[in-house]
Amino acid sequence: MGSWRRTSYCGEPASADIGKKICLMGWVQRRRDHGGLIFIDLRDRAGIIQLVFSPESLNNVHAKAHDLRNEFVVAVEGLVRKRPDGTENQNLPTGQVEIEVHEIRVLNDSETLPFMIEDDSDVAETTRLTYRYLDLRRPALQKKLMLRHKVAMATRNYLAENGFIEVETPVLTKSTPEGARDFLVPSRLNAGHFFALPQSPQLFKQILMISGFDRYFQVVKCFRDEDLRADRQPEFTQIDAEMSFVDREDVISVMEGLVVRMFNETGVKLNPPFPRLTYAEAVGRFGVDNPDVRFGLELKDLTRDLSGSGFKVFADAAAKGGVVKAICVPGGGAFSRKDLDDLTEVAVSFGAKGLAWVKITDEGWQSPIAKFLSDAEKDAIAKATGAVKGDLLLFGADKAAIANTVLGRLRLNIGNRLGLIPKDVLNFVWVTDFPMFEYDEAEKRHVAVHHPFTSPMDEDLDKLESAPLTVRAKAYDLVLNGSEIGGGSIRIHRSDVQSRVFEMLGIKSDEAHSRFGFLLDALKFGTPPHGGIAFGLDRVLSIMTASDSIRDVIAFPKTQKGTDLMTDAPSVVDQKQLDELFIRVAKKQSVAPSSTGA
RNA sequence: GGGGCCGUAGUUAAGUCGGUUAUAACGCUGGCCUGUCAAGCCAGAGGGCGCGGGUUCGAGUCCCGUCGGCCCCGCCA
């Protein structure tokens with residue numbers, strides 16, 4: 001660089017700058033060498049501008065330009081000038097002007113790249129992740145990370161303005177067996193003892209309320225050692241907040257303000273309050289607790305109408321306390337045999353034993369089960385579902401949980417299949433009144449639907465032991481377009497209630513004390529009523545940016561196997577490191593030399 | 001733990017029923033070219049098909065195993 005200093009970004013020069021002498025630094029995006037004139041597109045994070053090198057220019061710049069290659073790093077000094085009439089590039093923000101280069105310094109060269117730095121290049125994700133530093137040069141990815149920065153800043157500003165204080169909580173903390181699997185960190189100073197990375201700062205933020213901070217927030221990494229998905233990474237970022245002396249409505253209204261502020265960064269104006277659904281409504285009408293309310297195809301309950309049906313599957317489901325429900329697919333009568341087979345496969349994969357369907361045709365009800373249905377039943381079904389000629393009815397008859405899940409998933413599948421889901425729409429919905437517990441068949445005990453520190457509803461408190469599955473929690477989720485982007489609750493602030501909940505979860509008193517003793521103790525020393533919420537920043541951003549995967553809004557994401565292709569983490573470590581930690585590896589790791597990639 | 005899809009030049013893909021020297025585009029290298037912006041024209045260099053075994057006279061093509069990537073179920077309080 002020598003004494004040169006950049007005077008502007010490549011994306012900045014405009015007509016107003018014509019005649020100015022400027023200095024730019026950036027990467028060579030592309031070279032167009034006409035033998036005479038040479039054009040170089042110079043790129044930095046702000047944009048692209050065209051440099052012009054004329055054979056008549058001084059300082060040998062034309063020869064130097066001839067030798068430039070993609071991704072060379074250069075500094076240029078030159079004059080901003082108007083492009084000749086008719087050569088303006090309307091596709092470029094800087095397209096009215098160009099830089100007449102007077103002097104150029106090549107700051108670094110570059111080998112030929114494994115892929116082009118272009119937004120529309122279709123490169124295997126393996127290659128992109130191996131060379132993530134190159135992938136991150138793509139303007140689209142830079143824009144996403146810049147938006148991420150802006151959203152985080154907007155969050156901090158909004159919460160600070162509203163009296164929230166950002167407090168850092170430990171990353172090395174205590175393992176809490178409830179919930180997700182922990183990432184463990186061995187303690188060298190305490191042989192055989194382990195820290196856990198936090199699944200969330202849940203207990204610390206409650207402790208901060210007990211300490212009197214009143215309003216807390218943090219933009220914080222959380223860790224869960226579970227299998228990955230398109231919308232799940234083992235480390236992810238939460239916007240975590242907690243408030244004292246509040247009820248659900250206080251939390252929701254403050255947080256709606258936050259969501260407005262976040263989406264304001266994308267130019268979207270939201271108008272809270274957002275719609276509400278209770279958990280029971282969400283599951284009843286949409287089959288899931290994270291309903292995508294952008295389209296219809298709602299589930300209709302036919303249990304009463306079909307409890308006496310001649311179709312044994314329906315009658316049995318009703319008799320055993322289950323449900324019979326259906327969705328009506330408008331125009332679905334045109335579905336082929338293969339379509340129906342596909343849908344059956346989907347239904348079975350979510351636990352159905354099969355999929356009963358009816359096509360309503362000109363000739364009447366066409367279906368393997370039509371002969372079992374009486375005219376009265378058909379009338380009742382048609383009335384409840386609104387089905388008319390040309391429609392398809394799909395039935396779920398099972399325990400409520402299975403029937404709802406199956407139909408809920410079919411609903412999404414069909415919504416996608418038929419293009420019923422509008423893009424460019426943001427449909428928020430709060431889901432409230434979650435059940436406190438559900439019964440875990442595998443573990444033979446009740447588990448918390450939200451988490452063990454969630455307060456039961458006051459009016460359900462006396463049913464805690466007698467009818468635990470009917471107890472509702474003061475929990476709420478914010479769902480956006482079918483994706484859970486946030487969740488929280490009013491917490492238990494009385495140690496006696498907390499103890500009763502632990503008891504219901506099958507956590508014995510001594511066990512509770514060894515795991516959460518600090519919280520149980522703290523609850524005894526003047527704990528204010530409090531509650532809060534956490535938003536999944538990565539999920540919010542992937543919806544904002546219409547990304548297919550959460551990986552696109554994370555600078556250095558992990559693969560589905562939880563590895564980092566750029567650094568090659570995780571890796572084996574020296575025996576010496578293990579010895580210091582008193583760790584012996586039980587099963588010899590398979591030696592896995594990488595056979596693909598760089 | 002399970003189901004599905006996919007690995008062929010640097011990249012993206014084609015490769016028929018197993019059959020000569022494995023195609024193309026982009027990129028790359030060199031040349032020509034003074035208004036291009038996916039510059040153009042000409043010439044050229046790149047791979048032995050993720051890896052290992054097997055069947056066969058003969059294997060990108062078939063079989064088995066394995067490694068890796070993606071999507072999903074389970075899991076994710």
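Order of the sequence lines fixes the chain letters, A, B, ..., with proteins taken first and strands second; residue numbering starts at 1 for each chain.
- Residue-to-nucleotide contacts include a donor-acceptor pair under 3.5 Å from the side chain of A/Arg83 to the base of B/C37.
- Closest contact between the side chain of A/Thr559 and the listed nucleotides B/C28, B/G10, B/G69 involves B/G69.
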Name each donor-acceptor pair under 3.5 Å that joins a side chain in residues 434-443 of chain A to protein atoms two or more places apart or in another chain, with its distance.
| unit_1 | atom_1 | unit_2 | atom_2 | d |
| --- | --- | --- | --- | --- |
| A/Tyr439 | OH | A/Lys444 | O | 3.4 |
| A/Asp440 | OD1 | A/Ala442 | N | 2.8 |
| A/Asp440 | OD1 | A/Glu443 | N | 2.9 |
| A/Glu443 | OE1 | A/Arg445 | NE | 2.9 |
| A/Glu443 | OE1 | A/Arg445 | NH2 | 3.4 |

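- Checking A/Arg128 against A/Thr126 by side-chain atom types alone, no donor-acceptor pair falls below 3.5 Å.
- A salt bridge links A/Glu71 with A/Arg137: the closest approach of a Lys/Arg side-chain nitrogen to an acidic carboxylate oxygen falls below 4.0 angstrom.
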Nucleotide N/O to protein N/O under 3.5 Å, stretch nucleotides 72-76 of chain B:
| unit_1 | atom_1 | unit_2 | atom_2 | d |
| --- | --- | --- | --- | --- |
| B/C72 | OP2 | A/Ala230 | N | 3.2 |
| B/C73 | OP1 | A/Arg409 | NH1 | 3.2 |
| B/C73 | OP1 | A/Arg409 | NH2 | 3.4 |
| B/C73 | OP2 | A/Arg229 | NE | 2.8 |
| B/C73 | OP2 | A/Arg229 | NH2 | 3.4 |
| B/G74 | N7 | A/Arg229 | NH2 | 2.9 |
| B/G74 | O6 | A/Asp227 | OD2 | 3.4 |
| B/G74 | O6 | A/Arg229 | NH1 | 3.0 |
| B/G74 | O6 | A/Arg229 | NH2 | 3.1 |
| B/G74 | N1 | A/Asp227 | OD2 | 2.6 |
| B/G74 | N2 | A/Asp227 | OD2 | 3.4 |
| B/C75 | O2' | A/Glu226 | OE1 | 2.5 |
| B/C75 | O2 | A/Arg232 | NH2 | 3.1 |
| B/C75 | N3 | A/Arg232 | NH1 | 3.2 |
| B/C75 | N3 | A/Arg232 | NH2 | 2.9 |
| B/C75 | N4 | A/Arg232 | NH1 | 3.2 |
| B/C76 | O2 | A/Arg232 | NE | 3.3 |
| B/C76 | O2 | A/Arg232 | NH1 | 2.9 |
| B/C76 | N3 | A/Arg232 | NH1 | 3.1 |

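- In this structure, A/His34 forms no aromatic stack with the base of B/G35, since the conditions of centre separation below 5.5 Å and plane angle below 30° are not both met.
- We find that CD1 of A/Ile48 is positioned 12 Å from C1' of B/A38, with the value rounded to whole Å.
- Closest-nucleotide positions on RNA chain B for A/Leu37 and A/His66 were compared, and the one nearer the 5' end corresponds to A/His66.
- A straight line from CG of A/Asp120 to C1' of B/C26 spans 12 Å, rounded to a whole angstrom.
- The pair A/Arg232-A/Glu226 does not count as a salt bridge, with every side-chain nitrogen at least 4.0 angstrom from each carboxylate oxygen.
- Taking a pair to require two hydrogen-bonding distances under 3.5 Å in either a Watson-Crick or a G-U wobble arrangement, B/G18 remains unpaired.
- The pair A/Asp109-A/Arg69 does not count as a salt bridge, with every side-chain nitrogen at least 4.0 angstrom from each carboxylate oxygen.
- For B/G58, the O4'-C1' to base torsion is more than 90° from 0; the nucleotide is therefore anti.
- Applying the 3.5 Å distance criterion, the base of B/G35 shares a donor-acceptor pair with the side chain of A/Arg81.
- A straight line from CG of A/Asp548 to P of B/C70 spans 14 Å, rounded to a whole angstrom.
- Straight-line distance from the CG atom of A/Leu129 to the P atom of B/U11: 14 Å, rounded to whole Å.
- No engagement by A/Gln90 is indicated, since no non-hydrogen atom pair under 4.0 Å with the nucleic acid exists.
- B/C41 is paired with B/G31 under the criterion used here, namely a Watson-Crick or G-U wobble arrangement in which both key atom distances are under 3.5 Å.
- Between A/Asp33 and A/Thr112, the residue whose closest nucleotide on RNA chain B is further toward the 5' end is A/Thr112.
- Summarising the geometry, the separation between CD on A/Glu111 and C1' on B/U29 is reported as 15 Å, rounded to the nearest angstrom.
- For A/Asp568 and A/Ser571, the side-chain atoms include no donor-acceptor pair closer than 3.5 Å.
- With its glycosidic angle more than 90° from 0, B/G27 is assigned anti.
- Donor-acceptor pairing under 3.5 Å is lacking for the side chains of A/Asp538 and A/Gln233.
- Note: CG (A/Asp122) to P (B/G27) measures 16 Å, nearest angstrom.
- With hydrogens and angles ignored, no donor-acceptor pair closer than 3.5 Å exists between the side chain of A/Glu88 and the base of B/G35.
- Rounded to an integer number of Å, the gap from CG of A/Leu113 to P of B/A9 is 18 Å.
- Remark: C1' of B/A38 and CD of A/Glu118 are 7 Å apart, rounded to the nearest angstrom.
- Aromatic stacking is marked for A/Phe39 over B/U36, as both cut-offs hold: 5.5 Å for the centres and 30° for the planes.
- Nucleic acid contact for A/Val52: none, since no nucleic acid atom lies under 4.0 Å from a heavy atom of the residue.
- Using a 3.5 Å distance cut-off with no hydrogens or angles, the side chains of A/Ser54 and A/Glu100 do not pair a donor with an acceptor.
- Residue contacts shown for A/Arg551 are limited to sugar-phosphate atoms, with no base heavy atom under 4.0 Å away.
- Using a 4.0 Å heavy-atom criterion, one finds that A/Val123 contacts the sugar-phosphate atoms exclusively.
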